Amino acid sequence: GARLESGWWDGVPRSNQGGAARRSRSPTPEGYAGRMSALAPFSRDVRGWFERTFAGPTPAQEHGWPAIASGSHVLIQAPTGSGKTLAAFLWALDRARPGEGTQVLYVSPLKALNYDVERNLRGPLAGIDSRLSVAVRTGDTPPKERAAMLKSPPDILITTPESLFL
């Protein structure tokens with residue numbers, strides 16, 4: 001699939017549309033009388049950034065966002081490159097508030113992916129003009145940086161399973 005920047009923010013970037021933008025509707029989630037746009041639960045700024053950046057949501061996003069917005073526990077199972085990570089992160093980025101402590105925790109299975117995740121957050125954060133702070137913590141994070149994170153927790157923390165134990 002097409003990618004935004006060099007990472008896994010999957011979707012169809014506007015620059016790669018090759019014709020009219022596809023606009024799709026999400027399935028009817030429980031509790032809604034009719035069909036709704038998968039982007040409807042997002043703030044105006046996030047919807048605007050997404051619509052300027054992508055031709056439309058991927059199926060993983062289209063089906064995932066209404067379920068995520070309902071507050072249910074959600075597992076999105078789809079192939080690599082299907083937009084799963086952006087589906088989860090975009091909702092969290094829209095709801096998190098700067099300076100209110102760690103609100104988003106991303107546990108990466110591989111230390112090397114931590115820095116990819118951080119780099120790929122920059123596009124959406126800049127696009128929605130967010131002031132959320134991001135930190136990466138691994139087993140190699142110096143004690144001074146760990147202490148600073150405790151004193152002033154980042155809004156978004158990217159870490160590994162072994163780092164949660166430290």
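Keep in mind it's a predicted model, so treat the numbers as computed, not measured.
Contact annotation: the side chain of T138 approaches that of Y115 to within less than 4.5 Å [non-hydrogen atoms, C-beta and beyond]. You'll find the side chain of W91 stays beyond 4.5 Å of the side chain of V46, heavy atoms only. Side-chain contact between V134 and I158 is present, with at least one heavy-atom pair separated by less than 4.5 Å. Annotation: side chain of L113 is not in contact with side chain of Y106 (no heavy-atom distance under 4.5 Å). Side-chain contact between T159 and L105: present, with at least one pair of heavy atoms (C-beta onward) separated by less than 4.5 Å. Side-chain contact between I128 and D94: absent, with no pair of heavy atoms (C-beta onward) separated by less than 4.5 Å. Considering only heavy atoms from C-beta on, M149 comes within 4.5 Å of T141 through its side chain. Residues Q61 and F50 are in side-chain contact: their nearest non-hydrogen atoms beyond the backbone lie under 4.5 Å apart.
Atoms CD1 and CG, from I156 and L125 in turn, are 5.0 Å apart once rounded to the nearest 0.5 Å. Rounded to the nearest 0.5 angstrom, R146 CZ and S163 OG are separated by 7.0 Å. To the nearest 0.5 Å, atom OG1 of residue T58 and atom CD1 of residue I76 are 8.0 Å apart. Atom CD of residue E118 and atom CG of residue L157 lie 10.5 Å apart, to the nearest 0.5 angstrom. The line from NE2 of H73 to CD1 of I68 is 12.5 Å long, rounded to the nearest 0.5 Å. The CG atom of L121 sits 11.0 Å away from the CG atom of D116 when rounded to the nearest 0.5 Å.
Nearest heavy atom pair, residue V104 against residue A96, reads CG2-CB, 4.4 Å. Taking every heavy atom of both residues into account, P41 and A38 meet most closely at CD-O, 3.4 Å. Taking all atoms of both residues into account, the shortest heavy-atom contact from A60 to S82 is CB-O, 3.4 Å. Residues N114 and S108 share a closest heavy-atom pair of OD1-CB, 2.9 Å.
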Practice prompt. Determine, stepwise, if the pair L110 / T160 fulfils side-chain contact (heavy atoms from CB on, under 4.5 Å).
Written response: CA-CA 7 Å; L110 300 170; T160 56; over 6 Å; no

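Using a distance-only test at 3.5 Å, with no hydrogens or angles considered, a donor-acceptor pair links the side chain of S37 to the main chain of L39. S133 places a side-chain N or O within donor-acceptor distance of the main-chain N or O of D155, the cut-off being under 3.5 Å. Side chain of Q103 to main chain of G101: a donor-acceptor pair is present (N/O by atom type, distance under 3.5 Å, no hydrogens or angles).
Aromatic rings of F42 and W49 (six-membered ring for Trp) have centroids beyond the 6.0 Å cut-off, not under it.
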